[in-house]
Amino acid sequence: MKMKRSRLAIRSIFCMLWSGFFCLFVLAFPPQAEALYGGGMQAEVFPQQISSQKLAGIARQQLELELHKISETRRHVLTLTNAPRDMRLPAGKMRYEAEIPGQIRYGGVQPVHIRIYVDEKLYRRVICYYRVQVFEKVLVAGMNLGLEQAIAPNAVRVEEREVAGGQGRYLEKFEDIAGRVPVRYIQMGQPLEQNMLQNPVVIHSGAPVKLVINYKGIQVSAEGIAMQKGRVGGRIKVRNAHSSRVLQGKVIDASTVEIS
């Protein structure tokens with residue numbers, strides 16, 4: 001009988017202790033704390049909301065603005081690759097700032113940083129990612145072009161291609177290739193770039209040339225011999241045919257070198 005009473009007493013004490021612990025647990029996590037962790041009161045604590053779609057739109061608008069600033073008028077495509085999730089914010093006046101770090105990278109994934117303020121205090125930073133593609137009508141090799149090979153008008157064609165650089169990298173007009181030759185082998189279908197072409201060789205080593213010197217408005221000329229091959233605008237070594245003195249000058253045309 002005494003044993004049964006003891007067991008009942010122990011059970012009563014254990015129940016009292018457990019009830020007290022549960023009450024403390026409830027007090028430690030009030031409804032406000034529950035809301036912070038996604039409870040039913042979340043909408044009251046964070047009444048404002050900015051959607052993922054809105055954030056993506058802010059980033060896109062900033063990209064369009066930057067493209068306009070650099071006078072980019074070519075056709076372009078912006079493809080969203082990663083956007084932040086929907087976001088809830090506390091009550092207050094909300095505003096945002098968008099920024100693109102560095103220069104826009106054509107052909108790659110471009111991050112756009114967005115800062116969100118509530119009552120002029122920074123609340124959150126997020127990043128949105130877009131792939132930036134720019135297209136341009138450029139000259140493309142219509143056949144394989146060999147080194148130093150003259151380029152005929154029917155050897156190239158105009159196509160719209162995605163570009164990976166800024167303005168001026170690709171050739172657009174047939175006038176840009178007139179009289180120029182490839183620096184290296186160019187495969188059919190490859191867009192022509194500025195650094196792929198050069199002026200042809202017009203003076204060969206050992207060829208006789210006219211040496212000219214301009215001094216205070218007076219031009220003096222002499223006979224010479226080219227010691228190197230040269231292109232218009234390039235510099236080569238020449239030898240004076242009479243004195244055998246070695247000089248250096250700029251190639252003017254196929255028979256003239258200006259000494260400087």
Side-chain angles (χ1 to χ4, degrees), residues 70-75 103-108 133-260:
I70 62 176
S71 301
E72 182 56 82
T73 58
R74 296 172 290 186
R75 186 174 76 87
Q103 296 181 339
I104 295 180
R105 296 192 292 269
Y106 292 166
Q133 295 173 285
V134 176
F135 299 87
E136 182 179 22
K137 290 184 177 180
V138 300
L139 296 179
V140 176
M143 59 180 68
N144 294 332
L145 303 177
L147 176 66
E148 299 286 351
Q149 174 186 332
I151 304 175
N154 62 352
V156 296
R157 61 177 182 267
V158 177
E159 289 184 5
E160 187 181 61
R161 293 292 185 91
E162 181 182 353
V163 301
Q167 295 277 8
R169 175 178 175 181
Y170 296 93
L171 301 179
E172 306 173 25
K173 303 175 182 178
F174 288 97
E175 292 82 359
D176 296 333
I177 65 172
R180 306 182 73 190
V181 295
V183 174
R184 56 178 176 80
Y185 179 80
I186 301 174
Q187 290 184 336
M188 181 175 65
Q190 188 171 2
L192 301 182
E193 301 181 27
Q194 292 281 2
N195 59 2
M196 290 182 177
L197 303 179
Q198 61 185 345
N199 290 327
V201 174
V202 295
I203 294 178
H204 294 273
S205 179
V209 294
K210 178 183 178 181
L211 308 180
V212 296
I213 300 176
N214 293 299
Y215 181 73
K216 293 184 178 180
I218 301 175
Q219 186 180 85
V220 179
S221 63
E223 296 180 351
I225 304 295
M227 300 180 66
Q228 297 173 296
K229 65 180 182 180
R231 308 171 192 273
V232 173
R235 298 184 65 81
I236 62 171
K237 289 182 179 181
V238 294
R239 185 177 71 250
N240 187 301
H242 298 288
S243 66
S244 297
R245 183 180 178 185
V246 177
L247 304 167
Q248 192 175 62
K250 178 182 178 181
V251 177
I252 303 301
D253 53 38
S255 60
T256 307
V257 176
E258 182 180 14
I259 305 301
S260 56

| Glu223 atom CD: more than 12 heavy-atom contacts under 6.0 Å | no
| message | side chain to side chain contact (heavy atoms under 4.5 Å, CB included), that's the test. Do Tyr215 and Val220 meet it? Break it down for me. | response | CA-CA 8 Å; Tyr215 181 73; Val220 179; over 6 Å; no
| task | Quick one: pull up CG in Leu197 and CG in Asp176 and give me the separation to the nearest 0.5 Å. | result | 9.0 Å
| task | Could you point out which residue of Val202, Val201, Ile203 forms a side-chain contact (heavy atoms from CB on, under 4.5 Å) with Val232? | result | Val202
| Polar side-chain atom of Glu258 near backbone of Lys250 as donor-acceptor pair, under 3.5 Å | no
| said: One thing to verify: whether Arg74 and Glu160 come together as a salt bridge, which I'm taking to mean a side-chain N less than 4.0 angstrom from a carboxylate O. | reply: no
| field | Exercise: identify the closest heavy-atom pair between Gly230 and Ile236 | value | CA-CG2, 3.6 Å
| task | Check the pair Met227 / Val238 against side chain to side chain contact (heavy atoms under 4.5 Å, CB included), numbers first and verdict last. | result | CA-CA 5 Å; Met227 300 180 66; Val238 294; 5.5 Å; no
| message | With a 4.5 Å cut-off on side-chain heavy atoms, are Arg180 and Asn199 touching? | response | yes
| message | Measuring from atom CZ of Arg184 to atom CG of Asn195, what distance do you get when rounded to the nearest 0.5 angstrom? | response | 7.0 Å
| query | Rounded to the nearest 0.5 Å, how far apart are CG of Leu171 and CD1 of Ile177? | reply | 8.0 Å
| query | Shortest non-hydrogen contact from Gln190 to Ile186? | reply | OE1-CG2, 3.9 Å
| query | What are the two closest heavy atoms between Val138 and Pro191, and how far apart are they? | reply | CG2-CB, 4.1 Å
| remark: All heavy atoms of Val163 vs all of Tyr106, minimum pair found to be O-CB, 3.7 Å
| message | So for atom CD, which belongs to Gln103, do other residues, nucleotides or ligands contribute more than 12 heavy atoms lying within a distance under 6.0 Å? | response | no
| remark: CZ of Arg157 to CE of Met188, rounded to nearest 0.5 Å, is 7.0 Å
| message | If I compare all heavy atoms of Gln198 with all of Pro182, which pair ends up nearest, and what's the gap? | response | NE2-O, 3.9 Å
| remark: For Ser221 and Val212 the tightest heavy-atom approach is CB-CG1, 4.1 Å
| task | Could you tell me whether a side-chain N or O of Arg75 sits under 3.5 Å from a main-chain N or O of Phe135, the two making a donor and an acceptor? | result | no
| Atom pair CG/CZ of Leu247 and Arg239 - distance to nearest 0.5 Å | 11.0 Å
| Would you call Arg161 and Glu159 a salt bridge, using N to O less than 4.0 angstrom? | yes
| query | Are Val209 and Thr256 close enough, and set up right, to give a side chain to side chain contact (heavy atoms under 4.5 Å, CB included), and what steps lead you there? | reply | CA-CA 6 Å; Val209 294; Thr256 307; over 6 Å; no
| NZ of Lys137 to NZ of Lys173: how many Å apart, nearest 0.5 Å? | 14.0 Å
